[in-house]
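Here's the structure we're looking at; comments come further down.
Below, read A as the first sequence line, B as the second, and so on, with proteins coming before strands; counting in each chain starts at 1.
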2 protein chains.
Amino acid sequence: MPVKDCQTEKLILDTAMRIFFTEGRMHATTQEIADEAGVNRTLIHYYFRSKKVLLDTLLKNARIEFSGNSDRILLSNLPFREKTEKFIGDFLNRLMKYPYLEPFITMNIIQERFKNKKLPIPAEPPAAIKHYINEIDTEMKAGNIPGKDPAQFALNLFSLIVYPLLTKQIQIRLLDLDDKAYQKILNERKKIIMDTLLPVNTNK
Amino acid sequence: MPVKDCQTEKLILDTAMRIFFTEGRMHATTQEIADEAGVNRTLIHYYFRSKKVLLDTLLKNARIEFSGNSDRILLSNLPFREKTEKFIGDFLNRLMKYPYLEPFITMNIIQERFKNKKLPIPAEPPAAIKHYINEIDTEMKAGNIPGKDPAQFALNLFSLIVYPLLTKQIQIRLLDLDDKAYQKILNERKKIIMDTLLPVNTNK
DNA sequence: ATTTTTGTTGACAATTTTGTTAAACAAATT
DNA sequence: AATTTGTTTAACAAAATTGTCAACAAAAAT
């Protein structure tokens, strides 16, 4: 008999994370999760009461694992440029592992809203982001960054980081690349993003 | 015979488009589609044989409706800057209507690949994109655009256009905005994107 | 060693979603 | 009016997915 390791719960969680966040299989069933975790499907109900609870747990875990590091970076004392560069790198790393986390969150919000006719998010205000946006504002007013709306800068930043990983399937076809070539492009993203949003002095 | 009505068929299609591409309800059932179209669910099977056929039809329609206009823009003789600006505007317009088209496509590819273990895309090579990328290359070599890899520029462009619409739900919470404020931001995107990717001469 | 607790399993029930059939219906042609 | 053709509907069947239960095994506690 397989030695019971108390690892089962974690095994299920990890497998589900991989399926939903890494592979993006939104429609995966509990059976698929159980099979790929190598456990009986009933165990999913034993450890989590229902599929919904499992998904909620996934989300909670992901948020913690996610925001931990980047929050620390955003709240640090680094100068703006270095901070941004670190943030990009950290974000990209996470995205390499969980490219479909954000679509999953979006889907969930949409679905809950449709069923319950109410917002599912207690909407904890993300302090780290707020702090970083204030810094953007300062930089803008100091003339170090072009533009006037910090939110637009943040949107630009998120867009440039996330989108290429999110739409890998489409881009490979659109840009006529193969897997390897696309990976190479992704590896160059950090530099590209920095050059695009925070170019080194053009007005020498 | 009564002239083939097309009304019901189109009604179903339009409703499904709205549900999947506009509202992003990936898990919508045929019952939901039928209800919101105000028709009997059986009619979905009458006009389309199965749910899968319906979804395939949706995709085909969307691709035609989508690529038609933007292809014309990308293949036109406009100078690069104007062409890009038009493309952004056109793209943004479509996205306002169908923000979740691309995630839907991605989902489909992922799902098909998982089930069939083979690529579902015949992969028509998108000539218009290829043409535009050549132009980017020319501009880069002429020194009109910074950077060396046209694919990266294209990725930047797509990212800045699509992402903010794709993740509206998340951004509203992240940037601490309401629906109206976010709409305002979206309306300013075209100018922001142009300023970011093709800034007017800073070195006057 | 026996009881208790915890984890695991298979069989089954309930629910949800999709697909099918036959019959009813409407409009236009015969 | 009757026939044909295309459309619509309700009732039903099938499949897929989720959830429950009782029995059983392993580990821990007594």
**Asked** Could one point to a donor on the side chain of B/Thr42 or the base of C/dG19 with an acceptor on the other under 3.5 Å away?
**Response**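 Result: no qualifying N/O pair found.
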**Donor-acceptor pair (no angle test) under 3.5 Å: A/Arg41 side chain, C/dG10 base** =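 Not at all, since no donor on one side and acceptor on the other fall under 3.5 Å apart.
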**Message:** Tell me if the NZ atom of A/Lys86 is crowded by more than 12 foreign heavy atoms within 6.0 Å.
**Reply:**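 Check fails, neighbour count at 12 or below.
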What integer distance in Å separates [X]:[atom1] from [N]:[atom2]?
| X | N | atom1 | atom2 | answer |
| --- | --- | --- | --- | --- |
| A/Lys10 | C/dG7 | NZ | P | 17 Å |
| A/Lys51 | D/dT20 | NZ | P | 15 Å |
| B/Tyr47 | C/dT18 | OH | P | 20 Å |
| A/Tyr46 | D/dA25 | OH | P | 17 Å |
| A/Ile33 | D/dT18 | CD1 | C1' | 12 Å |
| B/His45 | C/dA22 | NE2 | P | 17 Å |
| B/His27 | D/dA16 | NE2 | P | 17 Å |
| A/Gln31 | D/dG19 | CD | C1' | 13 Å |

Lys/Arg N to Asp/Glu carboxylate O, [X] vs [Y], below 4.0 Å:
| X | Y | result |
| --- | --- | --- |
| B/Arg94 | B/Glu102 | yes |
| B/Asp56 | B/Lys60 | no |
| B/Glu65 | B/Lys97 | yes |

**Request:** For the side chain of A/Ser50, starting at C-beta, report the closest nucleotide among D/dG19, C/dT8, D/dT18.
**Result:**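 Between D/dG19, C/dT8, D/dT18, the one nearest the side chain of A/Ser50 would be D/dG19.
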**Request:** Could you pick out which residue, A/Lys52 or B/Gly38, lies toward the 5' side of DNA chain D when each is mapped onto its nearest nucleotide?
**Result:**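 Its nucleotide being nearer the 5' end, the pick is B/Gly38.
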**Asked** Think B/Thr30 has a side-chain N or O under 4.0 angstrom from the OP1 or OP2 of C/dT18?
**Response**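 B/Thr30 to C/dT18 OP1/OP2: side-chain N or O found under 4.0 Å.
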**Item:** Derivation of the salt bridge (Lys or Arg N to Asp or Glu O under 4.0 Å) call for A/Asp137 and A/Lys141
**Value:** CA-CA 6 Å; A/Asp137 198 37; A/Lys141 281 175 178 147; 2.9 Å; yes
**Request:** Under 4.0 Å between any heavy atoms, over every strand shown, what does A/Thr29 touch: base, sugar-phosphate, or nothing? Just pick one.
**Result:**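 A/Thr29: backbone/sugar contact only, no base atoms under 4.0 Å.
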